[in-house]
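Worksheet: one structure, shown below.
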Amino acid sequence: MFNPYMAEAINEAKKALELGEVPVGAVIVRNGEIISRAYNLRETSRQATAHAELLAIQKACSHLNSWRLDNCDLYVTLEPCPMCAGAIINARIKSVYFGAYDPKGGACGSVADLFRKGNFNHAPIVYSGIMEEECETLLKEFFSKLR
């Protein structure tokens with residue numbers, strides 16, 4: 001089912017793809033408005049932490065002049081990893097919507113479930129499989145070209 005915010009995250013992922021990055025994109029939404037957008041830049045920046053989610057969180061914090069993103073929703077094309085899940089928890093993001101599952105590194109249920117209530121002081125609501133096929137296709141095409 002089409003989701004306009006996930007479609008914007010997919011557009012961000014395509015920007016990463018053009019740079020030869022793993023095509024993951026993210027947007028953060030507050031009150032129906034996109035307040036930040038980002039895509040993976042690990043290879044380009046040579047920074048292990050340059051994941052789409054972290055970059056989007058940094059931009060949203062700057063935009064709101066606050067580390068608290070408790071009234072914000074994150075849309076990301078790939079299930080967040082443990083590092084990104086930690087940042088999501090610390091930023092108090094209200095909801096996480098992700099597209100493709102990550103069976104090798106996902107922290108929203110695939111490998112671990114860091115968002116399970118009771119694990120930490122905050123647990124976002126998680127919606128999975130949003131425009132999953134479109135998100136998976138970008139990743140599959142990227143990795144098939146590498147092989």
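Sequence positions, counted from 1, serve as the residue numbers for this chain.
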Problem - Lys15 bridged to Glu12 by N-O distance under 4.0 Å - result: yes
Practice task
Identify whether the distance between the nearest side-chain nitrogen and carboxylate oxygen of Glu8 and Arg37 falls below 4.0 Å.
Solution key: yes
Minimum heavy-atom separation for [X] to [Y], with atom names?
X: Arg42; Y: Ala48; value: CD-O, 3.4 Å
X: Ala52; Y: Ala38; value: O-CB, 3.5 Å
X: Pro23; Y: Leu138; value: CG-O, 3.6 Å
X: Ile34; Y: Ser36; value: CG2-O, 3.4 Å
X: Glu79; Y: Cys108; value: OE2-N, 2.9 Å
X: Pro80; Y: Ala85; value: CB-N, 4.3 Å

Flag the pair [X] / [Y] as yes when at least one side-chain heavy-atom distance between them is below 4.5 Å, and no otherwise.
X: His51; Y: Asn40; answer: yes
X: Leu69; Y: Cys61; answer: yes
X: Glu21; Y: Thr44; answer: yes
X: Ile57; Y: Ile28; answer: yes
X: Ile35; Y: Val29; answer: no
X: Cys72; Y: Leu64; answer: yes
X: Met83; Y: Leu54; answer: yes
X: Asp73; Y: Val27; answer: no

Point-to-point distance, once rounded to the nearest 0.5 Å, from [atom1] of [X] to [atom2] of [Y]:
X: Leu17; Y: Lys145; atom1: CG; atom2: NZ; value: 6.0 Å
X: Phe98; Y: Glu53; atom1: CZ; atom2: CD; value: 11.0 Å
X: Met6; Y: Met1; atom1: CE; atom2: CE; value: 13.5 Å
X: Leu114; Y: Cys84; atom1: CG; atom2: SG; value: 11.0 Å
X: Cys135; Y: Lys140; atom1: SG; atom2: NZ; value: 12.0 Å

Linking I/L/V/M/F/W/Y whenever their side-chain heavy atoms sit closer than 4.5 Å, directly or via other members, would [X] and [Y] fall into one cluster?
X: Phe2; Y: Tyr75; result: yes
X: Ile130; Y: Leu78; result: yes
X: Phe120; Y: Trp67; result: no
X: Ile125; Y: Tyr5; result: yes

Could you tell me whether the side chain of [X] and the main chain of [Y] form a donor-acceptor pair under 3.5 Å?
X: Ser110; Y: Tyr101; value: no
X: His122; Y: Ala91; value: no
X: Ser144; Y: Glu141; value: yes
X: Tyr39; Y: Val22; value: no
X: Asn90; Y: Gly86; value: yes
X: Glu134; Y: Ile10; value: no
X: Asn119; Y: Asp113; value: yes

Practice task
Evaluate the criterion side-chain contact (heavy atoms from CB on, under 4.5 Å) for residue pair Asp70 and Ile93; output intermediate values, then yes/no.
Solution key: CA-CA 5 Å; Asp70 49 358; Ile93 289 175; over 6 Å; no
Handout entry: Derivation and outcome, side-chain contact (heavy atoms from CB on, under 4.5 Å), residues Phe115 and Val96
Key = CA-CA 10 Å; Phe115 296 153; Val96 174; 4.1 Å; yes
Exercise for the section: Any chance you could lay out the side-chain hydrogen bond (donor to acceptor under 3.5 Å, both in side chains) test for Tyr127 and Ser95, step after step, and finish with the verdict? Expected result: CA-CA 8 Å; Tyr127 302 92; Ser95 302; 5.0 Å; no
